[in-house]
Structures are given as structure tokens and as C-alpha cells.
There are 2 protein chains.
Amino acid sequence: MARVSQAHLDARRRQILDAAALCFARNGFHATSMQDVLKEADLSAGAVYRYFSGKEELIAAIVSEVLGEVRAAFDEAARQSPPPPPDLLVASVLGRTLATRESLTVDGVPAFPRLVVQAWSEIPRNAQLAAVLREGYDSVRAAWGRIVEGYQKSGRMRADIAPDHVARTMIAAVTGFIAQQALFGPAPVDILRDGLRALMSVPAEPPAGSQLG
Amino acid sequence: MARVSQAHLDARRRQILDAAALCFARNGFHATSMQDVLKEADLSAGAVYRYFSGKEELIAAIVSEVLGEVRAAFDEAARQSPPPPPDLLVASVLGRTLATRESLTVDGVPAFPRLVVQAWSEIPRNAQLAAVLREGYDSVRAAWGRIVEGYQKSGRMRADIAPDHVARTMIAAVTGFIAQQALFGPAPVDILRDGLRALMSVPAEPPAGSQLG
DNA sequence: CAACTTAAAACGAACGTTCCTTCTTGACAA
DNA sequence: TTGTCAAGAAGGAACGTTCGTTTTAAGTTG
């Protein structure tokens, strides 16, 4: 096989990445051997090492892809106009996240949430990945903070709390729910949306310093 | 050294566990070699293998400890009487979680949140740990569900949403914030408490089927 | 035929673990 | 109180295995 088409090269690369993602979702990055990946991809070592310089590059490629998908989901949700209320915003980013690579399953459950958790676990080890994640996180935080500011300026949300704190809280809700999916299997997005909606109906303590009756 | 006191044996065991926890928080379970642990514990292989049958047992011991601490934090928060409102409930469990093993730091930041994420990443690989986690999660979910029911019955929260959904949402918020700490370093608990408090001030969509003005 | 992909065997390094030795300790006899 | 001894904890080199990777040869296509 010589001078194959670019499409073929791309397909091979994707085939390897998909096989690796499956193995990684099953066993984690470092408990997965290259030979596991080779077997899953039904390819030989020579073939795989033509596309990736080694295991670390394979891990980095998948982590980047996963983090990129998550960030894209957050960004897309933030671009909705007009900005939906918090419960819908959170639900839409979660739905979009869980829709990525839906066909890639391990034991019948989606592999993607597990890959997200695996990616998190890899961050402390890799400064470059950490920088990418940090950049994406900061950007999402800022975008969501602006949306929260909108809530507050339009009077839909009390204004005595830093928008950034609310943004971080909403992000925590989404990522926490992704973790739940990774650990306990899939669940409808409605759970988080409704749960948030219920919380939104609870009367909170008044702002500190406010006049008491 | 022969027939040393039980206290000494316990101290050695803890010394090994602490060293391993530090290494694991730094590099993850499987990228940490036994020799890394030996060096960190300042002990020889013979010593460590007298207390643990192997690396897997070391990992299992630490994961169990970490999950146990997290579960204890959730349980303690749920035992508060009378049950605090959601923002305070969430803040108290988070505070309690982050207070565990506070002195165990890597690069100056607490190791515990990282260990939590590492534990999550290990779950798909180990059915026994998964069962332990599942049991703890279900129990916390049920306990928090009962609290939410209390909110609803006392009229502090709209009652048209399943208590379990709210419980899962609050758990997601806490775990998501733990993940943030693991990835981006420590942050005050107040962020999550205030963020939740702000969300609680947002008027939500009325229940489906409710009469429209 | 030329160019290049794939297969497969094999390599060195690093891993987890074991094994044997050395050293320490507490118990006990004198 | 002191000296001796057995028990067993710790040390550390060495083992076999497995890993990621490289190399070499065969195969395939334009």
C-alpha cells in the first residue's frame, strides 16, 4: 500500500484514536497498554507508530479532543441569544456534552463521561494539558460571568453576589453531573435542569447588611 | 526490630499510606512506581510489602479511604438538625470535605481533591471499589432526598419536582466544585455557597400545566 | 518499478515483586 | 540490673515479566 489518499490517512488516524479512546475509557490511560490499543484498532505497532510518536502523544491527543469538546459545549451554550435562564443554560451545555461521541460505548454505556474524568486525572501530570484546560476554563468562566451579569442587571437575580461565583457554581453543577454519569451510568439531562429549577424556588437568606424587618 | 508495639505498626502503615497518597496525588495511581512510593516513605521494599500485599492493595486502600471521607462529609452534613437550607448544606459538606488531610499538600496545594479525582478515575477498573462507591452514593442520595422532601413539605421549595433530582443536583454541585479544586487549586467554600444563593433568587418557570395568567 | 504502508519479531528499559540477609527489639534468665 | 537469645521487621539486590518502542522484512498500490 503506497501513497494512499489523504482521506485514508485521516481515517486511519481516527480509527486509532477511537480504538484508544475505547481502551482508555475502559481501563484508564496508564493501565491500558499499547498492545491493548493495537488489538482494539486491529493494527500493528508499525502502523500506529506511523501516526503517533508514542503513547504520550496518543493520550495528549485524546485529552485535548475531550477537553475541546467540553469547552465547545460550554461556549455554544453561552452563545445562545438571548441567554436562557440558569437551569436551561446548564441543561443545554450538559445535553450538548453528553451528545459527543454518543456511539462510542463501553459495556453499553457512553464512553465520553469516563474520558472526561480520565482527562481530569491526567492534568496534574502534564503541564501543557493543564495550561490548555486552564485557558478554556477561564474563558468559559468569563463568558458565563457576563451572562450572570445580565441576569443581575435585568433584575432577574440578586446583584449582591459576584457574577464569577455564580458562573463557577453553574460550571460545578455541570461537571459534577458529568462525573455522576461517568461513575454511575447515563441519566437524563432533565434531572439537573429540574433540580436546579427546584433550588431556584427556595427563598434565600437576605443580603448581609440588609435591614431586618 | 522485633515484635514492636501495635502503635508502631499502625504508624508505619499510615506512613506508607501518606507517602503513597502524596505520590498518587502528584502523578496518578499508575504513573507512580512502587519505587517512587518507597522513596517518598523512606522505606525499603521489604518493609512496604510487609504491610501491603502489592500496589493494587495500596491503591484500593487509598481509594477506600478517600471515598469514605467524602461519604462521611456528606453524611455528617445530612445529620444537621434542623436541616439547613440548600446553600448552607452544600457549603458545609464541601467545607468538611476540603478539611480532610489538609496538611497533605503537593506543591503547596491540598492533595485531597486530586485524590478524589484519581479515585473516580479508578472506579471503572475495579468492580469492588465501584460497588463501595455506589452504595455510598445511593445512601447519600436517599438521605438528601429526605431533606429535600422536608423543604417541599414545609413549603420552602416547589413540590412538583422529584426530591431525588434535587438531591442529585446538590451532590453534583459539591463534586463539581471538588473537581475544580483538583484542577485549578483551592478556593473558598463561600464561592459555591454564594453562587447557589444567587441561583436561589432567580424566578423559575412555573410548573408545567399551571394556569397561565 | 518505485514509493511507502503494514506486519511481526525483538530489544532495552523499567516495572512490581520476591528473597535472603542484616539489624533491632523485647523477653527472659541469671 | 545485665547479658543473651529468638523473633521478626527492615534493607536491598536480583528476578522474571511486561512495557513502549524500534527495526527489519514483506506486501501493496499508483
Side-chain angles (χ1 to χ4, degrees), chain A residues 1-63 118 121-122 125-126 128-129, chain B residues 1-63 118 121-122 125-126 128-129:
Chain A
M1 212 182 296
R3 190 146 305 196
V4 296
S5 67
Q6 183 64 36
H8 177 252
L9 294 176
D10 292 348
R12 269 274 184 279
R13 196 184 148 88
R14 179 111 306 273
Q15 170 186 359
I16 294 168
L17 282 175
D18 284 349
L22 208 65
C23 293
F24 291 158
R26 251 201 299 263
N27 264 328
F29 293 129
H30 301 288
T32 297
S33 72
M34 272 297 171
Q35 312 198 7
D36 290 337
V37 175
L38 303 184
K39 188 178 295 182
E40 184 65 48
D42 205 26
L43 245 38
S44 72
V48 169
Y49 276 86
R50 186 158 301 281
Y51 292 86
F52 295 93
S53 73
K55 191 183 185 181
E56 285 298 324
E57 187 172 314
L58 209 45
I59 293 176
I62 289 200
V63 171
Q118 288 294 326
S121 77
E122 190 65 12
R125 271 178 35 77
N126 190 324
Q128 190 176 342
L129 290 177
Chain B
M1 206 183 298
R3 189 147 305 190
V4 295
S5 68
Q6 184 63 38
H8 176 254
L9 294 177
D10 292 348
R12 268 275 183 280
R13 196 186 147 87
R14 178 113 307 277
Q15 171 185 357
I16 295 168
L17 282 174
D18 284 350
L22 207 66
C23 293
F24 291 158
R26 252 201 299 263
N27 264 326
F29 294 128
H30 302 288
T32 297
S33 74
M34 272 295 173
Q35 312 200 5
D36 290 338
V37 175
L38 303 184
K39 187 178 297 182
E40 184 65 47
D42 205 25
L43 247 35
S44 69
V48 168
Y49 275 86
R50 186 161 302 282
Y51 291 86
F52 295 93
S53 73
K55 191 182 186 183
E56 285 297 324
E57 187 172 315
L58 209 47
I59 294 175
I62 290 201
V63 171
Q118 288 294 327
S121 77
E122 191 66 11
R125 268 178 38 78
N126 190 324
Q128 189 176 341
L129 290 176

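Every chain is numbered from 1 and lettered A, B, ... according to where its sequence line falls, protein lines coming before strand lines.
Interface residues of residues 14-30 of chain B facing DNA chain D, ordered by number: none; criterion, heavy-atom separation under 4.0 Å. Taking every heavy atom of residues 40-49 of chain A and every atom of DNA chain D, pairs under 4.0 Å involve A/A45, A/Y49, by number.
A/F29 and A/E122 get closest at one heavy-atom pair: CD1-OE1, 3.7 Å.
Whole-Å rounding puts the A/R13 CZ to C/dT5 P distance at 15 Å. Here D/dG11 presents its C1' atom at 16 Å from NZ of B/K39, a figure rounded to the nearest Å.
A close approach under 4.0 Å does not occur between any side-chain nitrogen or oxygen of A/R12 and OP1 or OP2 of C/dT5. OP1 or OP2 of D/dG11 has not a single side-chain nitrogen or oxygen of B/R50 nearer than 4.0 Å.
No engagement by B/F52 is indicated, since no non-hydrogen atom pair under 4.0 Å with the nucleic acid exists.
How far SG of A/C23 is from CD of A/Q35: 12.0 Å, rounded to the nearest 0.5 Å. Put simply, OH on B/Y49 and CD1 on B/I16 are 11.0 Å apart, with the number rounded to the nearest 0.5 Å. Rounding to the nearest 0.5 angstrom, the gap separating the CD1 atom in B/I62 from the CG atom in B/L22 is 9.5 Å. The structure places CZ of B/R50 at 10.5 Å from CG of B/L9, a figure rounded to the nearest 0.5 Å.
At a threshold of 4.0 Å, the pair B/D18-B/R14 counts as salt-bridged, since one of the basic side-chain nitrogens sits closer than that to a carboxylate oxygen.
Comparing B/L38 and B/S5 by the nucleotide of DNA chain C whose heavy atom lies nearest to each, the residue mapping closer to the 5' end is B/L38.
A donor-acceptor contact closer than 3.5 angstrom links the side chains of A/H30 and A/R125.
Here the side chain of B/D36 pairs a donor or acceptor atom with the backbone of B/S33 at under 3.5 angstrom.
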Shorter than 3.5 Å, N or O on both sides, protein versus nucleotides 15-19 of chain D: list them out with atom names.
none

Take B/F24 and B/I59 through the test side-chain contact (heavy atoms from CB on, under 4.5 Å) and record every step on the way to the result.
-> CA-CA 9 Å; B/F24 291 158; B/I59 294 175; 4.0 Å; yes
